[in-house]
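See below for the structure under consideration.
Note that the structure is a prediction, hence the values are computed from the model and not measured.
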Amino acid sequence: MAFSLSGNVRRTKGMTKEKHSEELLLKEDVLKENEIVLFNDEVNTFDHVIDTLIYACDHMPEQAEQCALLVHYKGKCTVKTGSYDDLEPRCSKLLQAGLSAEIV
């Protein structure tokens, strides 16, 4: 009898977790924004990347430096999120500055 009860408790908890996960996924779909992803290259200096992120993405210097480090060590980094209409001119500025970026 105790075995059956604990089995029911586990199943109930599992269903709650599944329902919670489904709700999160639905919210994620509704709130999903586009992102500018910046990719690493072997051409641009850290200073150029930082200055360009400050100019194109309105980053604070510390944020731009952190993004530049992430791009260098991880190969890519999301540098800005928002609507496509907001991101498109920003991404164009990054590309015009010789950086490798795309909107996803």
Please report the interatomic distance [atom1]([X]) to [atom2]([Y]), rounded to the nearest 0.5 Å.
X: I36; Y: E88; atom1: CD1; atom2: CD; result: 9.0 Å
X: E35; Y: C77; atom1: CD; atom2: SG; result: 9.5 Å
X: T81; Y: I103; atom1: OG1; atom2: CD1; result: 12.0 Å
X: L87; Y: E102; atom1: CG; atom2: CD; result: 12.5 Å

Decide whether [X] and [Y] are clustered together by the hydrophobic rule: side chain heavy atoms of Ile, Leu, Val, Met, Phe, Trp, Tyr closer than 4.5 Å, transitively.
X: Y84; Y: V79; result: yes
X: V71; Y: M60; result: no
X: F39; Y: V104; result: yes

Exercise. Can you name the closest pair of heavy atoms from G82 and E33 and give their distance?
Worked result: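 For G82 versus E33, the nearest heavy atoms are O-CB, 3.7 Å.
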Exercise. Is there a side-chain contact between L53 and L94 (heavy atoms, below 4.5 Å)?
Worked result: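 Yes, side chains in contact.
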For this session: Go through the side-chain N and O atoms of Q96 and S92 and say whether any donor and acceptor fall under 3.5 Å apart.
Result: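 There is no such pair between these side chains.
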Problem set entry | Where at least one partner belongs to residues 39-56, residue pairs that pass side-chain hydrogen bond (donor to acceptor under 3.5 Å, both in side chains), sequence neighbours excluded |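 Counting only pairs at least two positions apart or across chains, the side-chain hydrogen bond (donor to acceptor under 3.5 Å, both in side chains) contacts touching residues 39-56 are D41-N44.
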For this session: Any salt bridge (Lys or Arg N to Asp or Glu O under 4.0 Å) involving residues 64-85? Give me the pairs, sequence neighbours left out, ordered by first then second residue.
Result: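 Counting only pairs at least two positions apart or across chains, no salt bridge (Lys or Arg N to Asp or Glu O under 4.0 Å) contact touches residues 64-85.
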